[in-house]
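Below is one structure, written out as structure tokens, with a few remarks after it.
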Amino acid sequence: MKVTDLLKENAIALNYKPDSKNALYEKLVELHDNAGNISDKSEYMRDLIKRDEEGPTAIGDGVAIPHAKSAAVKRPGLAAVTVPGGIDLDALDGEVSNLIFMIAAPAQGGDTHLEVLSRLTVMLMDKSFRERLLSAGSAKEFLKLIDQKEAEKYGSEDKKAESEAAKQGLKLVAVTACPTGIAHTFMAAEALEQKAAELGYQIKVETNGSGGAKNVLTRQEIAEADGVIIAADKNVEMARFDGKRMVQSKVSDGIHKPEALIAKIADGSAGIYRHHGGDAGAAAEKQGGDGVGHSFYKHLMNGVSHMLPFVVGGGILIAIAFLLDDYSIDPSNFGSNTPIAAFFKSIGDTAFGFMLPILAGFIAMSIADRPGLAVGFVGGALAVAGTTFASLVDPEANIVTSGFLGALFAGFVGGYITLGLEKLCSKLPDSLEGIKPVLIYPLVGILLMGIVMFLFNPIIGALNTLLSNGLNAMNGASKIVLGMVLGGMMSIDMGGPFNKAAYVFGTAAISEGNYDIMAAVMVGGMVPPIAIALCTTFFKNRFTPNERKSGVVNYIMGLCFISEGAIPYAASDPLRVIPSCIVGSAVSGALSMAFGCELMAPHGGIFVFPVVENVVGYLIALIAGSVVGALLLALLKKPLGEAAGLKK
């Protein structure tokens, strides 16, 4: 294990002036705690003192390497302090120590600390190297100097060890995740597992699906792994992978390019992941890059995926309330006229009320980690409230909620406000480190978020009203065209950016009370798998035996609103499958609009049909689009004939 695998920027303090050995040790223990290496500072301190009683850890030439094995250590780590004036640590040569490294080693887990101790001792014998470390101007420069020295001294040995490990077979861990966590998540996991087995490597894949994380990676499995693959379009818990060789990519790359991702680990070209910063050269390798567009998409989808349970649960409960109510009692209070209806409506409304704050909060959290959550959440709530400076001065002023657009704005602004605060606060003394996340970030962040939302709520509210009025004003042919476009978009990439853009537009429309748009979106997404299933059933000679066998599963996936079931067929024959599915989905979306179908739940497929407005028309739209897609696909695909082992 390399020294730079264990040392982080936030575990380094330069030009420190302790007044005692105890103060120095407390500082080093605090740095370990900041880096997440230990679980109990007091217990680790006791173990350090116990180790010191066995003999001095100051090795001379101004260097000290205090260390201890302790049950309080969560993972091996290093902390470093420079003391220009020096401090007496009972060094063997009688001199003061000014360069101190503290090693934290788990009570169980081998002799990692001995390996690192050996490397440090040899490297620090070089006087000029010690002088360069003492004159380092920043933690980043300090790390870079160690990295360069270690590469110079042990580079050939490390490469040889990596080569031997590659020959023996890699141990890999991976995490796959997509925004909805239904299909792409598990397809990527399957592809990685199959390719790793084919290459003779071991791999364990954690899936962050809609039902929560499954096959969760343990601390030991991560520690023993030679590398980590993150194939995800939403944020996953990353701190546990600190110091590991890592490749990050889109979930689609996990499905289509598993060998390329694994190769980055196998050939050693993947970088070392550093949680919360680090040298650019030590960042994880990002397959395909993470540009502005993909970053926006990932942050947005993180918010949408956390918002969905509230929309689904709340929407279905509100729809049930309408089903159970009596419209004739009081049309203006429809949904709450009877006690049983009011019961379902009140619960559904409460769930719905969290929708936009959750969206904004988790977008901000995706950008700025946990400190961004409160800032974004408050921004989303202010977007719903629609409060402005004018409304504070004049209670009679018209308040217009900025709705989904306002929550979207609040999420991104809240995230970047928090990032800005973190950057500004990085200049504060280390003694204030503990109060940043509990006082400075929430207090200042929420205040700034409030000012921004009070200023922009009128503008975004007006834009939101314009959009809502435009959608409400649409009728007849214009609505049918909108349904056709949105339905078709659901089949362009089946779970990709176009699909998700249409889906997010549908959920946004729900928040504004336009339920017909979500109905067109969902029926459009159900068509591709069903169209393919129909085609494999009634036009068997167009498909191989394996394709026909898998086709049956697509009936279930389509009825469950899992568009991704069509991906294997689209990947093998895109020029015929994708246009057929787009046309079929467009037909269904248009018919859904034409029949006036409405849906308050953004997911669920056939299981939420009981709460669809005009369910008969909705079934007709689904069947018609699926049949059109299947017939068009059969027309475009040529029979395989006897060459494929099929009967004529």
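Side chains included, hydrogens not; waters and symmetry mates left out as well; all remaining heavy atoms used.
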Take the angle between the ring planes of [X] and [Y] and call it parallel below 30°, perpendicular above 60°, tilted in between.
X	Y	answer
Phe354	Phe310	tilted
Tyr569	Phe543	perpendicular
Tyr503	His603	perpendicular

Check whether any side-chain heavy atom of [X] lies under 4.5 Å from a side-chain heavy atom of [Y], and answer yes or no.
X	Y	answer
Leu317	Phe352	no
Val616	Phe595	no
Leu631	Phe539	yes

Quiz prompt | With Glu221, the salt bridge (charged side-chain N to carboxylate O under 4.0 Å, His left out) member among Lys204, Lys171, Arg240 | solution =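 Of all the options given, the one that passes is Lys204.
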Exercise. Please say whether more than 12 non-hydrogen atoms of neighbouring residues, nucleotides or ligands are located less than 6.0 Å from CZ in Phe609.
Key: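 Yes, because the 6.0 Å sphere around CZ of Phe609 holds more than 12 heavy atoms from other groups.
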Self-check item: Flag if over 12 foreign heavy atoms under 6.0 Å of CZ, Phe498
Solution: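 Counting neighbours around CZ of Phe498, 12 or fewer heavy atoms of other residues, nucleotides or ligands fall under 6.0 Å, so no.
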Checking [X] side chain against [Y] main chain: does a donor-acceptor pair fall under 3.5 Å?
X	Y	answer
Ser585	Ile582	no
Lys8	Ala35	yes
Ser592	Tyr618	no

Quiz item: To the nearest 0.5 Å, how far apart are CE in Met518 and CG in Leu486?
Solution: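 One finds 9.5 Å between CE of Met518 and CG of Leu486.
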